[in-house]
Engineer: 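The structure follows.
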Amino acid sequence: MTMRRIQLFALCLLAVIAVRAQDNLIILGGELSNSAATSTADIDEVIPRMKTLGLNTVLVPAYWELIEAQEGTYDFTLIDRTVQRARENGLQIVFLWFGAWKNSMSCYAPLWFKQDTRRFPRARTEEGKPLEIASCFSEEVFQADNRAFGALMQHLSQTAADVVPMMQVENEIGMLESARDHSELANAIYHKGVPQELSSYLRKNRHHLHPWLARRYTGKGKEWKEMFGDDIHTDEIFMAYYYARYVGRLCETARRYTMMPLYVNAAMNSRGRRPGQYPSAGPLAHLIDLWHAGAPQLLCLAPDIYDTGFKGWADQYALWNNRLFIPESRCCENSGARAMYAFGEHHALGFSPFAIDQASPSETESVSKAYALLRQIANYKSANSKSVNSKSSWGMLFDQQDKERIISDNGTVITCRHYFTLPWDPRATNGSQWPEGGAILMKLADNEYLLAGTGVVVAFASDYEKAREEQKMLGEDGFELKATQTESQGSLENLTFKGTRVGIGSVDEICIDETGKFRYLRRHNGDQDHQGRHARIACGDWKILHIKLYQYE
């Protein structure tokens, strides 16, 4: 195991130890809207409400401009009130440092910082246009940001270690309008060429680089264009390394006071946009090696997922060297299904819909119901930690276009589909938008599984019978729509069934108590499992099913 992997493993371990044990070390989170904690009245109202939604962790901005309105004078009133209310409600808090940058811009920096552009210079476009973005190449910018961040980390280490398990450093760092900063400070550093520390890191890790960077990295020369090519993407590579260096220095300051895990979040490079059209050089998956080189102290690079294709974005960040944590996701009626996928497929550290304090009941309902199931599964895992195999867990997330997944498990083929692939719900065919179906499938033992979630149907077959399976049109009663002509299907010898089949022995709806024990609710048989053909959870229902299989010939 490389030293970098050892560091990451150690930090992951610290992160999960820090989260409350009764929730089995996962963040069932929600992020507040950007102005939700700007007064004590806001905090007093919103934090208790987050408890009622079933969260165990609230992500809350820490605003530089409100902490240090006067240079050198720090006011932690809002921080302390948030911590106090969290303790009273049994919640954890992840603070988000809105320091030099928030969504690329320096909008949460104090006014004294914003006004003094000589002391705290701005980034510039290639045309020389000044931006509302502080330059990361300015030592004055760094020192001002760092003093405030250090003061906050020292304060938290002394007053809130029991409540604050993790910290976000800055927010959605990235350059806009240009792929990199073209200020005089930035240009001077660019023309010095690739620093030796980065060159050494890339040479040492050449066989483990992200595929995107590996294709660009030549290993030749000392200039940025020689080593990475002459285009806008090299500008992004340059900028990513120096943003990471800046963050790494902040992390070093935090380490003076605490070993609290630290992470950064990323605005996605989506919709075919180019660097600078999206926040260039942020902690994006394809730039992970630049960020690891510049800020090795970070626990993870965390995606903020608002675009379509949730699975694809999550999959990009669930890497061997990056545990998945989703600190922001669009809060919507599909949020709960997406949480089930993230935890089931990728064993995510956490999931957190954004602006959950402003969401409607129809949007938060799925989050609350999903988190209730995830707590129960966490109870089971905690009680059976020695026997639970993390590799025997799968996540499902289905919609109208992506509605099937086939899993092969040691001779058993598991066909998972969206619930609306069944014929009897009129919403399946009336032209309405399908709600997403999401679930976790866990293998407990041979022939024994847990299925938890909503809007899914799961069928089981042996390898042999799956290979012989026909695609049949079903009617609204669930049976074959019309007769088939077996004579046209080949000789009697080819039709003879010579293998083993998998049957459903039982499907029980259960809940799991705080000790991890199953509590029987009801048996799903007959119509509920379509006479032994499948296990299913309807759209809008949130259940845990305990499934036992058997084989017969």
Side-chain angles (χ1 to χ4, degrees), residues 11-21 23-34 36-38 42-43 46-47 49-51 53-64 67 76 78-87 89-99 102 108 149 152-153 155-157 159-173 247 250-251 254 257-266 283 297-305 317 323-329 331 339 342-343 348-357 367 371 374:
L11 285 173
C12 281
L13 187 62
L14 283 168
V16 296
I17 288 173
V19 183
R20 290 168 55 187
D23 293 322
N24 196 39
L25 318 178
I26 57 175
I27 293 174
L28 305 177
E31 182 173 329
L32 301 185
S33 53
N34 290 164
T38 53
D42 289 341
I43 294 164
V46 75
I47 296 298
R49 186 154 53 88
M50 295 302 98
K51 179 68 173 179
L53 295 179
L55 279 57
N56 67 10
T57 306
V58 188
L59 280 66
V60 182
Y63 310 96
W64 184 10
I67 289 173
F76 296 115
L78 298 179
I79 299 297
D80 292 342
R81 191 61 156 256
T82 301
V83 168
Q84 176 190 350
R85 292 292 178 249
R87 280 201 188 100
N89 289 276
L91 293 167
Q92 301 277 285
I93 298 294
V94 173
F95 281 113
L96 320 175
W97 177 237
F98 284 11
K102 191 272 178 189
Y108 279 100
F149 181 69
L152 173 61
M153 296 308 294
H155 183 76
L156 291 175
S157 70
T159 65
D162 61 318
V163 173
V164 182
M166 193 161 64
M167 185 81 181
Q168 179 180 294
V169 187
E170 308 292 346
N171 188 85
E172 291 188 356
I173 292 172
V247 167
L250 291 178
C251 293
Y257 309 110
T258 175
M259 288 302 295
M260 178 192 302
L262 308 165
Y263 74 95
V264 284
N265 65 327
Q297 310 88 342
L298 291 170
L299 169 67
C300 63
L301 313 188
D304 292 346
I305 306 178
Y317 287 81
R323 187 173 180 187
L324 181 64
F325 172 48
I326 303 172
E328 293 184 37
S329 182
C331 192
F343 287 109
L349 176 62
F351 178 86
S352 175
F354 175 68
I356 195 167
D357 56 301
V367 177
Y371 284 2
L374 288 164

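Start at 1 with the first residue, then count along the sequence.
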Engineer: With side chains defined as the heavy atoms from C-beta onward, is the minimum distance between Asp42 and Leu32 less than 4.5 Å?
Structural biologist: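 Of all side-chain heavy-atom pairs linking Leu32 with Asp42, none is under 4.5 Å.
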Engineer: Are any non-hydrogen side-chain atoms of Glu328 and Leu96 less than 4.5 angstrom apart?
Structural biologist: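 A side-chain contact is absent here, since even the closest heavy-atom pair is not under 4.5 Å.
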Engineer: When rounded to the nearest 0.5 angstrom, what distance separates CE in Met260 from CG in Leu156?
Structural biologist: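 The CG atom of Leu156 is 5.5 Å from CE of Met260, to the nearest 0.5 Å.
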Engineer: Any side-chain heavy atom of Gln84 sitting closer than 4.5 Å to one from Arg81?
Structural biologist: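 Yes, side chains in contact.
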Engineer: So do Leu298 and Cys251 actually touch side chain to side chain, heavy atoms under 4.5 Å?
Structural biologist: yes
Engineer: Can you tell if the side chain of Val60 reaches within under 4.5 Å of the side chain of Met50, non-hydrogen atoms only?
Structural biologist: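 When only atoms from C-beta onward are counted, Met50 and Val60 do not touch, as no gap falls below 4.5 Å.
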Engineer: Are Phe149 and Val169 packed together at the side-chain level, in the sense that at least one heavy-atom pair is separated by less than 4.5 angstrom?
Structural biologist: yes
Engineer: Would you say Tyr108 and Asn34 make side-chain contact, with heavy atoms under 4.5 Å?
Structural biologist: yes
Engineer: Kindly assign one of parallel, tilted or perpendicular to the pair Phe325 and Tyr263, based on the angle between their ring planes and the thresholds 30° and 60°.
Structural biologist: perpendicular
Engineer: Under the rule for side chain to side chain donor-acceptor pair (under 3.5 Å), what residues qualify as partners of Asp357, not counting sequence neighbours?
Structural biologist: Ser33
Engineer: First locate atom CG of Leu59, then atom CE of Met167, and finally report the distance between them rounded to the nearest 0.5 Å.
Structural biologist: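 So the CG of Leu59 and the CE of Met167 are separated by 10.5 Å.
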Engineer: Tell me which one of Ile326, Leu324, Ile26, Ile305 satisfies side-chain contact (heavy atoms from CB on, under 4.5 Å) with Phe351.
Structural biologist: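 So, applying the side-chain contact (heavy atoms from CB on, under 4.5 Å) to Phe351 and each of Ile326, Leu324, Ile26, Ile305, only Ile326 qualifies.
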Engineer: Would you confirm whether Asn56, through its side chain, and Ile27, through its main-chain N or O, come within 3.5 Å as a donor-acceptor pair?
Structural biologist: no
Engineer: State, yes or no, whether a side-chain contact exists between His155 and Asp80 at a heavy-atom distance under 4.5 Å.
Structural biologist: yes
